[in-house]
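Here's the structure we're looking at; comments come further down.
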Amino acid sequence: MKIVTSPAEMQSIALDLRQQGRTVGLVPTMGWFHEGHLSLMRKAKDVADSVITSLFVNPIQFGPSEDLDNYPYDLERDKALAAATGVDFLYAPEKDSMYTDAFSTTVHVEGVSEGLCGDARPGHFDGVTTVVAKLFNQTLPHFAVFGQKDFQQLAVIRQMVRDLDFPIEIIAHPIVRESSGLAMSSRNTYLKDEDQDAALSLSRGIANAKELAADRSATVEKIKQSVQQDIEKHQACEVEYIEIVNATSLAVCDNIDSESVILLAVKINNSIRLIDNSFLLASS
Ligand code: PAF
């Protein structure tokens, strides 16, 4: 596995790969790899001839009171994990090479970036779309694989790709869970043993919502209330949002159908922000 740190070198490698007729798959990440990331890399290997994993803790997608300074980072650890998964290029640009002092462009997607995490984290999706557009131009992928855990992020990126005509197929990969049901996330590393039960309230809430939805008599409001009550039984939990939305438009659902997705964001101990989601009528 080759390590690349310069955007210009990355773009020249990507151009060479394309000229050789190889397809390129990109897995954009902020590092601190877990099985969820590794499954995205394996998916990229299945669909593309060469796989690039980018590792960049993107400062412009963090708000002033968020965890940028503490975000877990260990390049040597991540190098070993990516290499063992068969990644061809680990692209880890320096912050200054991504954002020079003269940098002054923002990619902003309207509509699907509003509400949910867009409300809770002002400016977050502008940071995401701006860096992902840069990563697309630097790595020139045919395919880019994103995890479904960041459900709204995926919708925002799909919208950007359609609107800006990026010739890239976006592949969504299902959430990978711990055996406990907890959705894998780099931020799980902040959880102490005593936080585990509170953290599990998200996946338990989703299981409860799916049971209620399967029954077909429960309304959207009743499902949301029931999940909220369950989660708030844990003193450590503060619900940021619970919404049931259409998977494509992210518009709030009046009724449950096969496109309805429940999305949750919960803060544990006022600091660790966890998100989770699931189609309500799906079996897994
Ligand atoms: O999902 C993430 O890890 C980040 O938001 C992404 C897509 C790598 C952009 O920084």
Side-chain angles (χ1 to χ4, degrees), residues 29-40 62 65-67 70-72 74 77 81 115-117 119-121 124 146-155 172-215 218-245 247 250 253 256 260-284:
T29 80
M30 298 205 299
W32 197 252
F33 297 152
H34 49 68
E35 183 50 35
H37 294 114
L38 305 183
S39 73
L40 303 182
F62 289 79
S65 59
E66 293 185 352
D67 56 346
N70 302 323
Y71 201 81
D74 184 339
R77 167 189 180 276
L81 287 167
L116 307 165
C117 292
D119 276 356
R121 305 182 69 189
H124 169 67
F146 291 86
Q148 224 156 351
K149 185 171 80 68
D150 295 286
F151 199 91
Q152 188 178 15
Q153 168 173 284
L154 190 56
H173 197 66
I175 297 178
V176 179
R177 296 181 182 279
E178 307 282 355
S179 55
S180 61
L182 182 66
M184 288 195 185
S185 162
S186 301
R187 290 190 167 96
N188 291 351
T189 195
Y190 303 144
L191 293 168
K192 302 201 180 72
D193 285 350
E194 59 270 28
D195 300 327
Q196 293 295 330
D197 207 44
L200 280 178
S201 67
L202 283 86
S203 53
R204 288 192 189 125
I206 287 176
N208 166 16
K210 288 173 76 166
E211 262 181 45
L212 289 169
D215 179 28
T219 62
V220 166
E221 238 3 86
K222 174 157 190 264
I223 295 175
K224 283 169 46 178
Q225 268 171 19
S226 169
V227 174
Q228 176 139 6
Q229 277 164 10
D230 276 3
I231 293 178
E232 286 179 344
K233 280 183 195 148
H234 294 269
Q235 278 204 332
C237 292
E238 188 194 331
V239 172
E240 204 171 76
Y241 63 77
I242 299 173
E243 257 333 324
I244 297 179
V245 301
L250 302 193
C253 292
I256 308 295
S260 301
V261 181
I262 184 162
L263 305 174
L264 318 179
V266 176
K267 267 198 175 161
I268 312 287
N269 291 329
N270 212 18
S271 61
I272 310 165
R273 186 175 183 278
L274 301 181
I275 56 174
D276 203 345
N277 67 76
S278 175
F279 278 86
L280 275 174
L281 294 179
S283 53
S284 62

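We find the NZ-CG distance between Lys222 and Leu212 to be 5.0 Å, quoted to the nearest 0.5 Å. Interatomic distance, CD1 of Ile244 versus CG of Asn277, reported as 12.0 Å (0.5 Å rounding). Here the CG-CG distance, from Leu191 to Leu182, works out to 6.5 Å after rounding to the nearest 0.5 Å. Taken to the nearest 0.5 Å, the CG atom of Asp195 stands 11.5 Å off from the NE2 atom of His234. With rounding to the nearest 0.5 Å, the separation of NZ in Lys224 from OG1 in Thr219 is 9.5 Å. Here the straight-line distance linking atom CD of Gln228 with atom CG of Leu264 works out to 10.0 Å at 0.5 Å rounding.
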Working for side-chain contact (heavy atoms from CB on, under 4.5 Å), residues Phe151 and Phe146 | CA-CA 9 Å; Phe151 199 91; Phe146 291 86; over 6 Å; no
Residues Lys210, Phe279; criterion side-chain contact (heavy atoms from CB on, under 4.5 Å); working and verdict = CA-CA 8 Å; Lys210 288 173 76 166; Phe279 278 86; over 6 Å; no
Can Leu274 and Asn188 be said to form a side-chain contact (heavy atoms from CB on, under 4.5 Å), step by step?
-> CA-CA 8 Å; Leu274 301 181; Asn188 291 351; 3.7 Å; yes
Verdict with supporting geometry, Ile223 and Ile256, side-chain contact (heavy atoms from CB on, under 4.5 Å) | CA-CA 10 Å; Ile223 295 175; Ile256 308 295; 4.0 Å; yes
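Counting only N and O atoms by type, the side chains of Asp119 and Tyr241 include no donor and acceptor under 3.5 Å apart.
Within the structure, salt bridge (charged side-chain N to carboxylate O under 4.0 Å, His left out) pairs that include any residue of residues 172-183 comprise Arg177-Asp276 (at least two apart or interchain).
A distance-only check finds a donor-acceptor pair linking the side chain of His37 to the backbone of His34 [under 3.5 Å]. Under the 3.5 Å distance criterion, the side-chain polar atoms of Asp230 are left unmatched by any main-chain donor or acceptor of Ile206. At least one donor-acceptor pair under 3.5 Å links the side chain of Ser203 to the backbone N or O of Leu200. At least one donor-acceptor pair under 3.5 Å links the side chain of Gln152 to the backbone N or O of Gly115. Using modelled atom types, no side-chain atom of Thr189 and backbone atom of Ser186 make a donor-acceptor pair closer than 3.5 Å.
Considering only heavy atoms from C-beta on, Arg77 comes within 4.5 Å of Trp32 through its side chain. Put simply, the side chain of Leu263 does not reach to within 4.5 Å of the side chain of Ile275, judged on heavy atoms. Looking at Arg273 and Cys117, their side chains come closer than 4.5 Å, going by heavy atoms from C-beta outward. In this structure, Asp197 and Arg204 have side chains that are in contact, with non-hydrogen atoms separated by less than 4.5 Å. Residues Glu232 and Cys237 fail the side-chain proximity criterion, which asks for heavy atoms closer than 4.5 Å.
Within 6.0 Å of atom CG in Asn270, 12 or fewer heavy atoms from other residues, nucleotides or ligands are found, so the atom counts as exposed in its surroundings. A 6.0 Å sphere centred on CD of Glu211 holds no more than 12 heavy atoms belonging to other residues, nucleotides or ligands. Atom CD of Glu194 has more than 12 neighbouring heavy atoms from other residues, nucleotides or ligands inside a 6.0 Å radius.
Contact between Asn208 and Ser226 at its shortest, heavy atoms only, is ND2-OG, 3.1 Å. Taking all atoms of both residues into account, the shortest heavy-atom contact from Val245 to Cys253 is C-SG, 3.3 Å. Of all heavy-atom pairs spanning Tyr190 and Tyr71, the tightest one is OH-CA, 3.5 Å. Nearest approach of Ala183 to Ile175, heavy atoms of both residues: CB-CG2, 3.7 Å. In this structure, Ile262 and Ala209 approach most closely via the heavy-atom pair CD1-CB, 3.8 Å. Pairing each heavy atom of His173 with each of Ser39, the nearest pair is CD2-OG, 3.3 Å.
Applying the salt bridge (charged side-chain N to carboxylate O under 4.0 Å, His left out) criterion to Lys192, with sequence neighbours excluded, gives no partner residue.
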